[in-house]
Participant: 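Input: one structure, supplied below.
What you see is a predicted model; the values in this text were computed from it and never measured. Letters A, B, ... are given to chains in the order of the sequence lines, protein chains preceding strands, and every chain is numbered from 1.
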Amino acid sequence: MVLELQKRLGGAICAVLKQKYGLTVESVPLETPPDLRLGEIATPIALQLARTLRKAPKVIAQEIVTALGQVEGFAGFEVAGAGYINARLDRGAFVKDAAFPARRQKPAIFANVEHTSINPNKAAHIGHLRNAVLGDTWARLLKAESSSPDTVIVQNYIDNTGVQVADVVVGFLHLEKKTVAEVRQLVADCEKRAEASGRPADAIDYYCWDLYARTSQWYGEGTDKEKAARKQLRLDTLHAIEHGGNETAEIADLISTAVLKRHLETMLRLGIEYDFLPRESEILHLKFWDAAFAKLKESGVLYKETQGKNAGCWVMTRPGAETAEGEADEDAKVIVRSNGTVTYVGKDIAYHLWKFHLLEGCEFGDEVFYTYPDGRQCYRSIDNRSVDANGTPYGTGVPVHFKASGADYVFNVIDARQSDAQANVKEALRGMGYVTQADQLRHFTYEMVALTPRCAEELGYAISDEDKEKPYIEVSGRKGFGVKADDLIDKLIAAARAEVDARQAGRGEAERQRIAAQIAIGALRYFMLKVTRNSVIAFDFKDALSFEGETGPYIQYAVVRIRNILRKCEAAAEAVLTEFSALDKGCVARFLSGSENEDIWALWLRAGRRSLVLEQCIAGSEPAFLAKHAFQLAQEFNNFYHRHHILTEEDPERKKFLLATAAVVLRELLIALDWLGIEGPEAM
RNA sequence: GCGCCCGUAGCUCAGCUGGAUAGAGCGACUGACUACGAAUCAGUAGGCCGGGAGUUCGAAUCUCUCCGGGCGCACCA
């Protein structure tokens, strides 16, 4: 609504500038005036043109206003301040349209969003939650903005053959001296016990959390000789896992698969689902790397270093680096080690070539790994070449269902600490001549979640005096230092449940629990989304467990209030709006005029900003804008709720109008919440 | 040393491609429930927007510089 009007006004002003001054302007800056009394849309264009036109801004503004004349949807224009052009909307027309907004034309977006990507060797923690919530919300926003939601694919990359998994395997084999059979039994026991108790602490990912921390500590203990031996053990274990076909790899597979399943369950509690789980084991076994390596060598992106510290390695020049003539580039990024093994960035380059369909003959085999309650299926990569014994080309899996999306845009939701690595992948693509793809590869970066010293102490961790002085302390899976995702969710649900029990004594056990979960998830997701990406979240239970003020539950509460009102008049939102649209336009305009009704107009105006906010979110890659919008809409509704009593309104036409106001806000709140991945409860 | 991010009210954060009197939540203090359920609302106090210089008609926003904090810069991932 507001978006369409802004575009129309911008276009009209462009036409005026062209016709009157012969000026071609890329775009007209449009903004929201600080006060409704100044109008609804404003532009400082005349101020900007003052220099080129050599005229006073006010004169230009007046000339533009005169030339504009009548524009559909606008009541008029005026010049204000130093030379602003302020536009006033035709309120009656706006409100009528806002009740049943026309469908927008949208482009088809082909996108591949990679998020979560937790090493499958331990329980998910709050840092992973920020990643998953951001990524999931971003995918929802892309789907909302696309005419074809099915072309937005969500992937969760699984590093099932990396050092982190190797560390836990070392723990099982050398600290706990377990056999493959014993590990298999442990996985089964954990699953049984967790299902029976409902406690995440009984599950395998929690078990691994502790074992991983213990193993990491073990590496650093003992004599120098012992440390060296343990380091070697770690390397040997890693190689055995990468190679596959041995007992060590079997344990790695058992653990990474079981932990991955737990991650999917944890994320599902937050409404987060995935389409595809590409695994590193397939990148290796299906020879994606070999194909990528050939291309990298051929294009000259990789070269073999013959001198200096990287002698014997295949390396690539870092983005923006200046290479001195004849000298070895000591700063180059090693892609293939001197022992012939590939680094993480190398594997990532291969994976990204696949994402853009640039690895001829390379495709993942796949199978359904997890079926969600809503029927959606999550696939994982497999090496299923043996299924097709003859005729399968070398290096190609046999995809059963999932295919690469043919992405126009590839978004990697990865925290800011990996921006150098991401830049290297991008640079490799560019170096290979895939300039378009390099531009379409977007690092969706965000800052980490850390713990406040106070929070760390509450959790019982010993904090050094130095750390006590810091504003926040980095979470570390290696040290077992952090807040586990399931623990936090459980804590939130318990807190919400207490509030629900106090207010909803009449409702059944199951329903109260369901409402508590909705509120808990609303609180958690909003907590992660209200902060912009580039600010570090210093986690504190006090803030995270809050259900008041700028929180998810605040918005949900506005939804419940509106539903209660509609319930009392036994009317559905749709019906209320249909009845409203039959009202006379002049009558509606009357309800929107006068200072006592200014807040109602502001509410309609805010409700009409949905598509504008969505566009801003997409343009700025920033879901926080939507979170803020939803909160402001709820806040203005609560204000309205106190000032204008709907059910006791005596004027029947005004009552219809007020009801329609509530109904529109309900619809817009629910859409915004849905994009944020938050449910609107029926009661709370 | 180089690169990225941050510095706005006591605390946690917004501030859209520079624009009209710098905003919200929490906390503090005053008030409003025989209720469209107060997980709410109204009000008060609280800011040389880290310091300085520059560009501009105009700077919290752009440039430079300094100060303070965080994170990267592995033949780890």
Participant: Base, sugar-phosphate or nothing for Leu30(A)? Non-hydrogen atoms, less than 4.0 Å.
Facilitator: base
Participant: Looking at Asp415(A) and Glu447(A), would you say the former's side chain and the latter's main chain have a donor-acceptor pair under 3.5 Å?
Facilitator: no
Participant: With distance as the sole test, does Asp35(A) use its side chain to make a donor-acceptor pair with the main-chain N or O of Arg37(A) at under 3.5 Å?
Facilitator: yes
Participant: Take atom P in rU63(B) and the same atom in rG7(B), then report the distance between them in whole Å.
Facilitator: 14 Å
Participant: The side chain of Glu548(A) lies closest to which of these nucleotides: rA24(B), rU40(B), rG37(B)?
Facilitator: rU40(B)
Participant: Just call it for His644(A): base, sugar-phosphate, or nothing, with non-hydrogen atoms closer than 4.0 Å on any strand.
Facilitator: base
Participant: Report which part of the nucleic acid Pro34(A) touches: base, sugar-phosphate, or nothing (heavy-atom distance under 4.0 Å, all strands).
Facilitator: base
Participant: Between Asn339(A) and rC75(B), does any side-chain N or O lie under 4.0 Å from OP1 or OP2?
Facilitator: no
Participant: Check each residue of residues 611-622 of chain A for a non-hydrogen atom within less than 4.0 Å of any atom in RNA chain B, then write out the ones that pass by number, or none.
Facilitator: Gln616(A)
Participant: Walk me through whether Asn160(A) and Ser281(A) qualify under side chain to side chain donor-acceptor pair (under 3.5 Å).
Facilitator: CA-CA 7 Å; Asn160(A) 59 340; Ser281(A) 49; 2.9 Å; yes
Participant: Check whether Asp159(A) reaches the backbone of Pro120(A) with its side chain - one donor and one acceptor, N or O, closer than 3.5 Å.
Facilitator: no
Participant: Nearest to the side chain of Val531(A), which nucleotide is it out of rA14(B), rA20(B), rA24(B)?
Facilitator: rA14(B)
Participant: Heavy atoms only, 4.0 Å cut-off, all strands: where does Lys347(A) land among base, sugar-phosphate and nothing?
Facilitator: nothing
Participant: For the side chain of Lys309(A), counting heavy atoms from C-beta on, which of rC13(B), rC75(B), rC41(B) is nearest?
Facilitator: rC75(B)
Participant: Determine whether the side chains of Gln422(A) and Asn412(A) contain a donor N or O and an acceptor N or O closer than 3.5 Å.
Facilitator: yes
Participant: Using a heavy-atom cut-off of under 4.0 Å over every strand shown, decide if Arg561(A) touches base, sugar-phosphate, or nothing.
Facilitator: sugar-phosphate
Participant: Quick one: are the ring centres of Tyr351(A) and Tyr157(A) less than 6.0 Å apart?
Facilitator: yes
Participant: Base, sugar-phosphate alone, or nothing: which one does Leu566(A) contact when heavy atoms must sit under 4.0 Å apart?
Facilitator: nothing
Participant: Please check the phosphate of rA42(B) (OP1 and OP2 only) for any side-chain N or O of Asn639(A) closer than 4.0 Å.
Facilitator: yes
Participant: For the side chain of Phe547(A), starting at C-beta, report the closest nucleotide among rA77(B), rA39(B), rA20(B).
Facilitator: rA39(B)
Participant: Is the phosphate of rC57(B) approached by Arg51(A) (side-chain N or O, under 4.0 Å from OP1 or OP2)?
Facilitator: yes
Participant: Taking any heavy-atom pair under 4.0 Å as a contact, classify Ala42(A): base, sugar-phosphate, or nothing.
Facilitator: base
Participant: Within the 4.0 Å heavy-atom criterion, would you say Ala544(A) contacts the bases, only the backbone, or no part of the nucleic acid?
Facilitator: nothing
Participant: Considering every strand shown, what is the Watson-Crick or G-U wobble mate of rC48(B) when both distances are under 3.5 Å?
Facilitator: none
Participant: Using a heavy-atom cut-off of 4.0 Å across all strands, would you classify Met448(A) as base, sugar-phosphate, or nothing?
Facilitator: sugar-phosphate
Participant: What about Asp420(A): does its side chain form a donor-acceptor pair under 3.5 Å with the base of rG72(B)?
Facilitator: no
Participant: Using atom types as modelled and distance alone, determine if a side-chain donor or acceptor of Ser535(A) lies under 3.5 Å from a backbone N or O of Val531(A).
Facilitator: no
Participant: Just checking Glu499(A): base, sugar-phosphate only, or nothing, at a heavy-atom cut-off of under 4.0 Å?
Facilitator: base
Participant: Determine whether a donor-acceptor pair (one donor, one acceptor, N or O, separation below 3.5 Å) exists between the side chain of Asp167(A) and the base of rA77(B).
Facilitator: no
Participant: For a quick check, tell me whether the side chain of Gln504(A) and the base of rG37(B) share a donor-acceptor pair closer than 3.5 Å.
Facilitator: yes
Participant: Reckon Asn121(A) touches a base, only the sugar-phosphate, or nothing at all at heavy-atom distances under 4.0 Å?
Facilitator: nothing
Participant: Nearest of rG70(B), rA39(B), rG25(B) to any side-chain atom of Lys470(A)?
Facilitator: rG70(B)
Participant: Is the phosphate of rC13(B) approached by Lys628(A) (side-chain N or O, under 4.0 Å from OP1 or OP2)?
Facilitator: no
Participant: Describe the nucleic acid contact of Val559(A) in one word from base, sugar-phosphate, nothing, applying a heavy-atom distance below 4.0 Å.
Facilitator: nothing
Participant: Does the ring center of Phe637(A) lie less than 6.0 Å from the ring center of Phe640(A)?
Facilitator: yes
Participant: I want to verify the glycosidic state of rC4(B); is it syn or anti under the 90° rule?
Facilitator: anti
Participant: So what does Gln632(A) hit on the nucleic acid, given a heavy-atom distance under 4.0 Å: a base, only sugar-phosphate, or nothing?
Facilitator: nothing
Participant: Would the base of rC75(B) count as contacting Ser338(A) through its side chain, where contact means a donor and an acceptor less than 3.5 Å apart?
Facilitator: yes
Participant: Tell me whether the OP1 or OP2 atom of rC5(B) has a side-chain N or O from Asn534(A) closer than 4.0 Å.
Facilitator: no
Participant: Just to confirm, is there a sub-4.0 Å distance from OP1 or OP2 of rC41(B) to any side-chain nitrogen or oxygen of Tyr554(A)?
Facilitator: yes
Participant: Quick check on rA77(B): is either OP1 or OP2 less than 4.0 Å from any side-chain nitrogen or oxygen of Tyr344(A)?
Facilitator: no
Participant: With stacking defined as ring centroids separated by under 5.5 Å and planes differing by under 30°, is His645(A) stacked against rC36(B)?
Facilitator: yes
Participant: Among rC71(B), rC75(B), rC41(B), which is the nearest nucleotide to the side chain of Arg417(A)?
Facilitator: rC71(B)
Participant: Would you list the atom pairs, donor with acceptor, under 3.5 Å between side chains in residues 612-626 of chain A and any protein atom, with sequence neighbours excluded?
Facilitator:
{"unit_1": "Glu615(A)", "atom_1": "OE2", "unit_2": "Lys7(A)", "atom_2": "NZ", "d": "3.1"}
{"unit_1": "Glu622(A)", "atom_1": "OE1", "unit_2": "Arg533(A)", "atom_2": "N", "d": "3.1"}
{"unit_1": "Glu622(A)", "atom_1": "OE2", "unit_2": "Ala624(A)", "atom_2": "N", "d": "3.1"}

Participant: Output the rounded distance in Å from CZ (Arg643(A)) to P (rC36(B)).
Facilitator: 17 Å
Participant: Can Tyr219(A) and Asp167(A) be counted as having a side-chain donor-acceptor contact under 3.5 angstrom?
Facilitator: yes
Participant: Look through every strand shown and name the nucleotide pairing with rU30(B) as Watson-Crick or G-U wobble, where both distances are under 3.5 Å.
Facilitator: rA42(B)
Participant: Taking only side-chain N and O atoms of Asn310(A), does any of them lie within less than 4.0 angstrom of OP1 or OP2 on rC75(B)?
Facilitator: yes
Participant: Within less than 4.0 Å of OP1 or OP2 of rC73(B), is there a side-chain N or O belonging to Arg318(A)?
Facilitator: no
